[in-house]
Amino acid sequence: MSTDSLGLLLKAFRLPTIAEMFERIIQEAEQQGWGYRRFLLHLCEAEAQDRAERKLERLLKESGLPDGKNLGSLDEAKIPAKVRRVLPTLLEGGFVSRAENVIALGLPGRGKSHFLAALGRELILRHKYAVLFTPTFKLVQQLLSAKRDLRLEELLRKLDHFDAVILDDLGYVKQDREEMEVLFTFLAERYERRSVMLSSNLVFSKWDQIFKDPMTTMAAVDRLVHHAVILEFNGETLRGPRYQDNKDNEKGGS
């Protein structure tokens with residue numbers, strides 16, 4: 001088999017890194033007296049590393065995360081102490097594998113969006129999770145457009161590929177009933193299956209301004225809070241039901 005044929009086969013097998021470097025590595029292996037096992041291991045390790053780097057680049061490109069909002073630029077001194085304490089646990093990424101949510105509440109300008117964006121970027125860099133960052137109004141318009149074009153299920157399947165979706169500025173969404181319904185459909189589809197991370201300047205008691213209907217508001221809050229870490233950027237950090245038991249145990253069950 002010719003070298004050209006081998007290169008074509010490697011590309012057909014989707015091994016582009018090996019295809020690019022194998023001739024050079026053959027020469028190096030012959031000069032240094034490598035055995036077959038070391039030669040093959042070197043090629044496979046190079047392919048694996050290159051794939052990991054390409055995947056990371058793809059995840060970051062597809063994430064829509066805003067530039068500059070990362071962990072390094074996050075001013076932790078301005079974050080409430082209770083939020084700072086829970087950050088290391090969030091960075092471990094376990095909440096994503098458990099399909100739990102993170103909800104950041106607080107007045108505008110308190111760093112909610114920056115915090116979630118920085119966390120989302122670390123989920124990609126540390127754990128290779130697929131993360132999508134989007135303004136809530138933009139996602140709602142995409143869902144509404146897909147519904148009108150009879151493509152809503154298709155779009156929901158596409159969004160399902162993301163391990164975590166960050167909805168920014170939920171409180172600024174002023175929806176009519178049709179818009180509210182597609183947002184609720186999205187939240188219901190991800191319930192206990194995929195993580196949602198969202199920021200809002202409205203406390204839960206005012207979410208009827210978003211969902212209009214009290215029953216729908218209650219159902220939406222229930223699905224989001226059931227398995228959630230709730231971070232209040234007004235100096236308080238609350239936790240959802242799953243974490244409340246641990247908090248009570250720390251207080252001696254009181």
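Because the structure is a prediction, the values reported are computed rather than measured.
Ion pairing of Asp160 with Arg193 is present here, as a side-chain N (NZ or NE/NH1/NH2) and a carboxylate O approach within less than 4.0 Å. With salt bridges taken as basic N to acidic carboxylate O contacts below 4.0 Å, one links Glu181 and Lys147.
For the residue pair Thr136 / Asp169, no side-chain donor-acceptor distance below 3.5 Å is found, with atom types taken as modelled. Checked by atom type, the side-chain pair Asn101/Ser195 shows no donor-acceptor distance below 3.5 Å. Defined by atom type and a distance below 3.5 Å, a donor-acceptor pair is present between the side-chain atoms of His114 and Ser73. Residues His226 and Tyr191 bring a donor and an acceptor atom of their side chains to less than 3.5 Å of each other.
Within the structure, ring-ring contact (aromatic ring centres under 6.0 Å, His included) contacts touching residues 52-82 (residues at least two apart or in different chains) do not occur.
Evaluation of the salt bridge (charged side-chain N to carboxylate O under 4.0 Å, His left out) rule for Glu62 yields Arg58 as partners, not counting sequence neighbours.
Ring geometry, Phe115 versus Phe233: the interplanar angle exceeds 60°, so the pair is classed perpendicular (tilted spans 30 to 60°). Trp207 and Phe204 have perpendicular rings, their planes meeting at more than 60° on a 0 to 90° scale where under 30° would count as parallel.
Just one of Glu28, Arg24, Glu30 meets the side-chain contact (heavy atoms from CB on, under 4.5 Å) condition when paired with Ile26; it is Glu30.
Residues Glu45 and Leu41 meet the side-chain proximity criterion, which asks for heavy atoms closer than 4.5 Å. Contact of the Asp163 side chain with the Val131 side chain is not registered, since no non-hydrogen atoms from C-beta on lie closer than 4.5 Å.
In this structure, Leu156 and Thr185 approach most closely via the heavy-atom pair CD1-CG2, 4.0 Å.
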Test salt bridge (Lys or Arg N to Asp or Glu O under 4.0 Å) on Glu92 and Arg126 and set out the steps. CA-CA 8 Å; Glu92 292 174 2; Arg126 300 187 186 199; over 6 Å; no
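Atom CG of Leu143 is separated from atom CG of Leu155 by 5.0 Å, given to the nearest 0.5 angstrom.
Looking only at distances, a side-chain donor or acceptor of Glu47 sits under 3.5 Å from a matching main-chain atom of Thr17.
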